[in-house]
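Following: one structure in structure tokens, then a few remarks.
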Amino acid sequence: MVMREFGQQNKKLLLFFPGSCEPWQEFAYAAKELAEEYHVLLVTPDGHDPEEGTDFISVEKTVDDTVRWLKEHGISHLEAMYGLSFGGGMAVHFLTTQDITVDKVIIDAGTAPYKLPKWICKLICVKDFLTIKTAQHSIRMMALGCPPDRYARNPEDYRTEYEEMRKYLKTFSNKTIWNIFWSANNYAVPKTTPAISSKIQFWIGEEEWKGRFRDLKWVKEYLPQIEVVTIPHMMHGEYVMMYPKEFAVQALTFFDEED
């Protein structure tokens with residue numbers, strides 16, 4: 001795990017858990033916008049930085065490593081937290097298992113633990129594993145999953161951009177890929193929801209409702225105080241990665257509002 005910092009001159013702290021299978025630079029745009037007001041701590045999980053040369057192990061280990069880093073730096077309270085997809089799962093695990101308090105939290109289409117027989121969970125993980133393995137070798141398949149008109153920074157030359165992404169994904173070991181998807185959907189939480197004082201929003205893109213319905217259903221039951229916010233016209237992760245300025249304005253409005 002690597003922690004990257006933006007806006008160190010600011011007093012208010014914001015912990016940022018990114019989504020999986022993307023280089024940290026894709027989230028730096030949003031982190032820099034948030035850093036206008038916050039000291040942003042951007043987590044790069046194991047297995048996601050080719051220079052670090054590690055394998056991703058689990059949501060739990062990433063949160064434990066993050067909390068260890070925070071405490072080593074004398075941090076016992078955060079003003080804000082954001083997590084996308086499996087990073088949203090990390091935010092849930094953090095809130096329910098750690099003793100560092102957080103004022104405001106955005107869980108952006110966060111993953112939820114499956115409540116299914118283990119063999120079904122393994123089949124789902126195999127499907128996700130094969131999806132990434134295919135993307136490691138095929139720009140065409142990558143473009144099917146992430147339409148260039150929505151996710152490429154230069155849609156007219158998306159092949160160059162997606163080729164760089166393909167090379168990045170090639171640095172992921174089989175162990176990392178499997179552990180990402182297994183842990184994202186099977187991470188541990190207390191059986192009974194602990195008392196949480198944080199104000200929490202669950203963001204979901206208007207165009208990802210079908211794919212995230214199970215996650216939303218679970219989190220509403222497990223964290224009944226959560227407020228659901230629909231982001232118009234957005235697919236999964238599109239808002240934070242492709243519209244960082246607009247994303248930051250909405251996030252900061254929530255983080256800074258008076259209770």
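In this text the structure is predicted, and so the values were computed from the model without any measurement.
In the model, Thr176 has a side-chain atom that pairs as donor or acceptor with a side-chain atom of Asp55 under 3.5 Å.
Sorted by first and then second residue, the side chain to side chain donor-acceptor pair (under 3.5 Å) pairs with a member in residues 136-150 read Lys133-Gln136, His137-Lys170, Arg150-Glu207, Arg150-Glu238; sequence neighbours excluded.
Taking both residues in full, the closest heavy atoms of His48 and Cys21 are given as NE2-N, 3.0 Å, listed atom of the first, atom of the second, then distance. Minimum interatomic distance between Glu52 and Pro45 (heavy atoms only, all atoms of both residues): OE1-O, 4.5 Å.
Between Tyr38 and Phe16, the distance separating the two ring centers is not shorter than 6.0 angstrom. When ring centroids are compared, Trp203 and Phe254 stay outside the 6.0 Å threshold. Taking the ring centroids of Phe86 and Phe56, they lie under the 6.0 Å cut-off.
Salt-bridge formation is not detected for the pair Lys12/Asp103: no Lys NZ or Arg NE/NH1/NH2 atom is positioned less than 4.0 Å from an Asp or Glu carboxylate oxygen. With respect to Lys61 and Asp65, a salt bridge is recorded, a charged nitrogen being found less than 4.0 Å from a carboxylate O.
Residues Leu144 make up the rest of the hydrophobic cluster containing Met141, defined by ILVMFWY side-chain heavy atoms closer than 4.5 Å, directly or through other members.
For the pair Asn185 (side chain) and Tyr114 (backbone), a donor-acceptor distance under 3.5 Å is absent.
Residues satisfying the salt bridge (Lys or Arg N to Asp or Glu O under 4.0 Å) criterion with Lys217, sequence neighbours excluded, are Glu221.
Other residues, nucleotides and ligands place more than 12 heavy atoms under 6.0 Å from the CD atom of Gln8.
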